[in-house]
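Order of the sequence lines fixes the chain letters, A, B, ..., with proteins taken first and strands second; residue numbering starts at 1 for each chain. The basis for the numbers below is simple: all heavy atoms, side chains too, and nothing from hydrogens, waters or symmetry mates. Bear in mind that the values here come from a model prediction, so they are computed numbers and not experimental data.
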2 protein chains.
Amino acid sequence: MPILQFSVNQTLYLRNPNDSVLGRKIISESIRLINQLGFEHFTFKKLARAIGSTEASVYRYFENKHRLLLYLIDWYWLWMDYRFEVVTQNLKEPKERLNACLKALLTDDSPGANGHEPNLRALKNLVMAEFEKTYLTKHVDQDNREGVFLPYKTVCKKLAALIREINPSFPFPHTLISTVMLTANHQLFYAEHLPSLTDIKAHTGHSDTQLECFLQLMIYKTIEP
Amino acid sequence: MPILQFSVNQTLYLRNPNDSVLGRKIISESIRLINQLGFEHFTFKKLARAIGSTEASVYRYFENKHRLLLYLIDWYWLWMDYRFEVVTQNLKEPKERLNACLKALLTDDSPGANGHEPNLRALKNLVMAEFEKTYLTKHVDQDNREGVFLPYKTVCKKLAALIREINPSFPFPHTLISTVMLTANHQLFYAEHLPSLTDIKAHTGHSDTQLECFLQLMIYKTIEP
DNA sequence: ATGGGCATGATAGCAATACTATCGTAAACG
DNA sequence: CGTTTACGATAGTATTGCTATCATGCCCAT
């Protein structure tokens, strides 16, 4: 099984974490720790302790914890983009392609993984809980100019293009897709923590099927001419 | 003009900020400062300096800045709930009522304000940028048990009930409404900062009309039998 | 093999943050 | 008139976020 490697925006790191053992430990352990503590309570000192290294060494890879978060999330969307390519390569019809992407977006297929690439299930959780914090800041515009949101925007653009293919006259493809993306991220969180905000039931074993069902309904009804 | 007062969840403050001059200064100045600095860089020390008081005094009103944020945001949703009551009181048809609520949700009517209640436009901005940070934390469940999300949930429930009235057999009223609420919050932010994620154009003077148009389209198409 | 570069570990230090505690005073309240 | 109370003033502490310095041990080129 090939090891997944994506070239993340170089402005996000000082030293490429993929090039060294320590760097890879920083990545895998930060995913675990951010999940465990939440991003607010995650610090480089705690991370360093967890990997048996020092704060100073972590700072040699990442300017600060916010850049590290951006790195992880960029990686996630690059991976999602790759998944989209994989699941759509044999499909012609835009509707089929969109459905395949939706399924890829919602289900984690990680089980078979060989344990050496980042823990994908944990990374997905991290994105669910922390993604919005990457752009709801006072330096969005600067980060955006550096291109740190490109992988996410690429994913959105591809889906919007599929909407366009299905109904070229629909006036809000991008708005609809970013709505879908947000919802995909949030509804499972609601199901678990704020159940009165959703009709999806957590822990039924098919909460992502319910969500997929809702999203398909919403998309196709909304764009139908 | 009556001064707007809502009874915010009492667990959110140590001393009711409405009962004193200092308390009211804390509220109005924190809205301004959080908007200016972003919640991450907002501190009680800066707030105290801005109102000519001390850190210790602010801590006598709020346990920490996160509780203060929750207070502001609860106040906002209580206010929105009140607006919903006002704009729907003369309307019978659920569809008309829902449309009125949507309009209330999107437009700021603050202009006529007398300048003594919280700056509503600023508060709306604050909610747009910081709302999700209130529940995307490791202590959601505990906060939720204390009822700090009730005002938001109330607003969502009322809209979901309207959906139910319009089409009782639609299976996802809460999911649809929480999707709408998120979108209402985010799309204008996208228009301003991440325009490739939306079709809505900022600074055209009618961006909220475009958004209203999209949301109505999405809602009514999605729920139609 | 040898000397130079380079990644890391070790340690220190500093300014800011997130609080907590104590004390005096002046107004408010009964 | 005495007492509560709200507030300001000051101090202090642990943690965070970050920078700097130095020694060591490894690899790579000569």
Side-chain angles (χ1 to χ4, degrees), chain A residues 10-30 32-72 130 133-134 137-139 142-143, chain B residues 10-30 32-72 130 133-134 137-139 142-143:
Chain A
Q10 295 194 14
T11 70
L12 288 179
Y13 51 80
L14 302 173
R15 213 200 290 309
N16 191 333
N18 252 316
D19 288 351
S20 71
V21 180
L22 181 62
R24 287 185 292 269
K25 275 207 277 183
I26 288 175
I27 298 305
S28 60
E29 189 62 18
S30 64
R32 212 189 53 77
L33 254 190
I34 294 175
N35 263 302
Q36 190 193 324
L37 304 175
F39 186 63
E40 287 66 28
H41 295 293
F42 165 83
T43 72
F44 276 4
K45 182 163 261 167
K46 291 172 188 169
L47 172 61
R49 206 182 316 140
I51 60 179
S53 178
T54 66
E55 220 183 333
S57 296
V58 179
Y59 274 105
R60 288 184 188 112
Y61 283 85
F62 293 97
E63 229 178 299
N64 54 53
K65 68 174 183 171
H66 192 258
R67 302 297 272 186
L68 169 54
L69 179 62
L70 280 167
Y71 178 95
L72 296 176
E130 319 289 353
K133 297 173 191 167
T134 57
T137 68
K138 283 288 162 186
H139 46 271
Q142 196 185 320
D143 287 345
Chain B
Q10 295 195 13
T11 70
L12 287 178
Y13 51 79
L14 302 172
R15 215 201 287 310
N16 191 330
N18 251 316
D19 289 351
S20 72
V21 180
L22 181 60
R24 288 185 291 269
K25 276 208 277 183
I26 288 175
I27 298 304
S28 61
E29 190 63 19
S30 64
R32 212 189 53 77
L33 254 190
I34 294 175
N35 262 302
Q36 190 194 324
L37 304 175
F39 186 63
E40 287 64 30
H41 296 293
F42 165 82
T43 71
F44 277 2
K45 181 163 262 165
K46 290 172 187 167
L47 173 61
R49 208 183 314 138
I51 60 180
S53 179
T54 65
E55 220 183 336
S57 296
V58 179
Y59 274 104
R60 287 184 189 114
Y61 283 85
F62 293 96
E63 229 179 299
N64 53 54
K65 68 174 183 170
H66 191 259
R67 301 296 272 185
L68 169 55
L69 179 61
L70 281 167
Y71 179 95
L72 296 175
E130 319 289 353
K133 297 173 192 168
T134 58
T137 69
K138 282 290 164 186
H139 46 272
Q142 196 185 319
D143 287 345

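In this structure, A:F44 and A:F42 have perpendicular ring planes: the angle between them is above 60°, well past the 30° mark.
Applying the ring-ring contact (aromatic ring centres under 6.0 Å, His included) test to A:H139 and every residue at least two apart in sequence or in another chain returns A:H66. Residues meeting the side-chain contact (heavy atoms from CB on, under 4.5 Å) test with A:T11, sequence neighbours left out: A:N9, A:R67, A:E146, A:V148. For B:Y71, the side chain to side chain donor-acceptor pair (under 3.5 Å) criterion is met by no residue, not counting sequence neighbours. Remark: B:E63 engages no residue in a side chain to side chain donor-acceptor pair (under 3.5 Å) (not counting sequence neighbours). Residues satisfying the side chain to side chain donor-acceptor pair (under 3.5 Å) criterion with A:N16, sequence neighbours excluded, are A:Y13. Scanning for side chain to side chain donor-acceptor pair (under 3.5 Å) contacts around A:T54 gives A:S57, with sequence neighbours left out.
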(request) Given side chain to side chain contact (heavy atoms under 4.5 Å, CB included), test B:R32 with B:N35 step by step and report yes or no. (result) CA-CA 5 Å; B:R32 212 189 53 77; B:N35 262 302; 5.9 Å; no
(request) Could you walk me through whether B:D143 and B:T134 pass side chain to side chain contact (heavy atoms under 4.5 Å, CB included), step by step? (result) CA-CA 9 Å; B:D143 287 345; B:T134 58; over 6 Å; no
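Of all heavy-atom pairs between B:Y61 and B:R15, the closest is CD2-O, 3.3 Å. Pairing each heavy atom of A:I26 with each of A:I51, the nearest pair is CG1-CD1, 3.8 Å. Contact detail for A:I34 and B:K138: the closest heavy-atom pair is O-CE, 4.5 Å.
If you check every strand for non-hydrogen atoms under 4.0 Å, B:F62 touches nothing.
Taking a 4.0 Å limit (strictly below) on heavy-atom distances, residues 40-58 of chain A reaches DNA chain D at A:T43, A:K46, A:E55, A:A56. DNA chain D lies under 4.0 Å from at least one heavy atom of each of the following residues of residues 11-20 of chain B: B:R15, B:S20.
The only member of B:L47, B:L68, B:L14 that meets side-chain contact (heavy atoms from CB on, under 4.5 Å) when paired with B:F62 is B:L68.
A salt bridge links B:E40 and B:K133; the closest N-O separation between the charged side-chain nitrogens and carboxylate oxygens is under 4.0 Å.
In the 5' to 3' direction, nucleotides of DNA chain C lying under 4.0 Å from heavy atoms of chain B begin and end at C:dT17 to C:dT22. Running 5' to 3' along DNA chain D, contacts with non-hydrogen atoms of chain A at under 4.0 Å begin and end at D:dT16 to D:dT21.
Contacts classified as salt bridge (charged side-chain N to carboxylate O under 4.0 Å, His left out) and involving residues 42-54 of chain A (residues at least two apart or in different chains) are given here: A:K45-A:E55.
Fit an axis to the five pairs at each end of the helix from C:dA1-D:dT30 to C:dG30-D:dC1 and the two axes sit 10° apart, to the nearest 10 degrees.
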